[in-house]
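Since the structure comes first, as structure tokens, the remarks are kept for the end.
Chain naming here is simple, since letters A, B, ... match the order of the sequence lines and numbering starts at 1 in each.
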Protein chains: 2
Amino acid sequence: MPAALDLAFAALADPTRRRIVSRLTRGEARVTDLAQPFHMSLNAVSKHVKVLERAGLVRRERLGREHYLHLRAAPLREVARWTSRYERFWNQRLDALEQFLAESKEASDD
Amino acid sequence: MPAALDLAFAALADPTRRRIVSRLTRGEARVTDLAQPFHMSLNAVSKHVKVLERAGLVRRERLGREHYLHLRAAPLREVARWTSRYERFWNQRLDALEQFLAESKEASDD
DNA sequence: GTATTATTCAACCATAAGGTTGAATGTCGA
DNA sequence: TCGACATTCAACCTTATGGTTGAATAATAC
């Protein structure tokens, strides 16, 4: 099995799955509930949930025929931890080349 | 083309590419330099670089026959921004089910 | 000028992703 | 008991991924 970070990043690379994660911050939901806003089959959403589950981002609680999905944010913390190592590079000023490109764009763009 | 976040998350889902990003924090490097630590063909690394480039995580500066790759951390900031929306869920105490599971594991595991 | 170096392009392969449809499983409600 | 509901499983399709090898391109070194 791929490493935890691999699974987390890959799971979050799909917009449908990011919306599901977002949705789950408002509380548990069944697969059917999660599927409701999407223009795709229930089966497709069920697969997305499984990907999130494998990445540890979702926990499933079976109650009779209904499965209640809960957010598990721990993997998100790992993603954030990895990402934050690059924080000091975010605010670096644009280097000469990028400035040049930005300026020519300004000049030709209006 | 997929959305920026899609590309960034997907690019970071591969451990080789995460190591390349990490390597580039120590300064620019050529494709050959980047490939050196990996047990894979130069071509494979060249493809990884292209994925990072498409995600905006790497900028390429051609100087003669050599291509110098630079880190561009902006997409990482977007990833961090998205992820941090879930910060308040990270430290949530384990819920009843997880506690139960953790405890039965402890009890049966030694 | 010719060989060497740096890199990409192109074709190929195996496997995974994201979707579909249709059938199976299991639970609830009357 | 029987039908409806919630969900998954299985098979399939198309496209993407991550790797390979071999050839092409372009710049440098001698």
Side-chain angles (χ1 to χ4, degrees), chain A residues 1-24 27-70 75 97, chain B residues 1-24 27-70 75 97:
Chain A
M1 177 145 76
L5 259 188
D6 296 21
L7 293 173
F9 273 116
L12 296 172
D14 184 280
T16 301
R17 288 194 293 263
R18 286 200 305 278
R19 281 186 60 193
I20 290 177
V21 165
S22 168
R23 165 60 237 270
L24 288 177
E28 63 180 13
R30 299 171 308 152
V31 180
T32 314
D33 302 330
L34 292 178
Q36 191 272 321
F38 297 108
H39 297 153
M40 70 180 68
S41 73
L42 187 66
N43 261 352
V45 173
S46 170
K47 278 191 181 183
H48 280 304
V49 169
K50 226 172 310 174
V51 171
L52 290 168
E53 219 181 347
R54 191 162 110 95
L57 283 158
V58 150
R59 180 172 46 75
R60 184 188 304 258
E61 194 174 354
R62 267 164 268 249
L63 281 187
R65 63 185 164 182
E66 299 175 323
H67 298 202
Y68 287 92
L69 290 324
H70 303 255
L97 176 60
Chain B
M1 177 144 77
L5 260 187
D6 296 21
L7 293 172
F9 273 115
L12 297 172
D14 184 279
T16 301
R17 288 193 293 262
R18 287 199 305 278
R19 282 186 59 194
I20 291 177
V21 165
S22 169
R23 164 59 239 271
L24 288 178
E28 64 179 13
R30 300 170 308 151
V31 180
T32 313
D33 302 330
L34 292 178
Q36 191 272 321
F38 296 108
H39 298 153
M40 71 181 67
S41 72
L42 186 67
N43 262 353
V45 174
S46 170
K47 277 191 181 184
H48 281 305
V49 168
K50 226 173 309 174
V51 171
L52 290 167
E53 218 181 347
R54 191 162 108 97
L57 283 158
V58 149
R59 181 170 44 75
R60 183 188 303 258
E61 194 174 352
R62 266 163 268 248
L63 281 186
R65 62 182 166 184
E66 300 175 322
H67 297 201
Y68 287 93
L69 288 326
H70 303 255
L97 176 61

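A donor-acceptor pair under 3.5 Å is absent between the side-chain atoms of A:R17 and the main chain of A:L12, judged by distance alone. Using modelled atom types, no side-chain atom of A:R19 and backbone atom of A:L34 make a donor-acceptor pair closer than 3.5 Å.
When distances run from any side-chain atom of A:S41 to the nucleotides D:dA6, C:dT20, C:dC9, the shortest one goes to C:dT20.
Rounded to whole Å, atom C1' of D:dA6 lies 14 Å from atom NZ of A:K50. Between the P atom of C:dG19 and the CZ atom of A:F38 lies a distance of 10 Å, rounded to the nearest Å. Taking atom CG of A:L52 as the reference point, atom C1' of C:dA17 lies 14 Å away to the nearest angstrom. The nearest whole Å value for the distance from the CG atom in A:L34 to the C1' atom in D:dT8 is 15 Å. One interatomic measurement links the two molecules: NE2 of B:H48 to C1' of D:dT20, which rounds to 12 Å at whole-angstrom precision. The distance between atom NZ of A:K47 and atom C1' of C:dG18, rounded to the nearest whole Å, is 6 Å. Nucleotide C:dT5 holds its P atom 17 Å from the CD atom of B:Q36, rounded to whole Å.
Atom CD of B:E53 and atom CG of B:L69 lie 7.0 Å apart (nearest 0.5 Å). Interatomic distance, CG of B:L57 versus CD1 of B:I20, reported as 11.0 Å (0.5 Å rounding). Between atom CG of residue B:L5 and atom CG of residue A:D14 there is a gap of 12.0 Å, rounded to the nearest 0.5 Å. Summarising the geometry, atom CG belonging to B:L52 is positioned 10.0 Å from atom OG1 belonging to B:T16; distances are rounded to the nearest 0.5 Å. The structure places CZ of B:F38 at 10.0 Å from CZ of B:R23, a figure rounded to the nearest 0.5 Å. Annotation: the span from B:K47 atom NZ to B:K50 atom NZ amounts to 7.5 Å, rounded to 0.5 Å.
Near-neighbour residues of DNA chain C inside residues 11-23 of chain B, defined by a heavy atom below 4.0 Å, are absent.
Distances shown here put every side-chain N or O of A:S46 at or beyond 4.0 Å from the OP1 or OP2 atom of D:dT7. Taking only side-chain nitrogens and oxygens, A:H67 comes nearer than 4.0 Å to OP1 or OP2 of D:dT8.
Position along DNA chain C of the nearest nucleotide to A:L42 versus B:R62 favours B:R62 as the more 5'-ward residue. Nucleotides of DNA chain D nearest to B:A44 and B:R54 differ in position, and the one nearer the 5' end is that of B:R54.
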Scoring nucleotides 22-30 of chain C by protein non-hydrogen atoms under 4.0 Å (B base, S sugar-phosphate only, - none) yields B---BBS--

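Partner of B:H67 under the side chain to side chain donor-acceptor pair (under 3.5 Å) criterion, out of B:R30, B:R60, B:E28: B:R60 alone.
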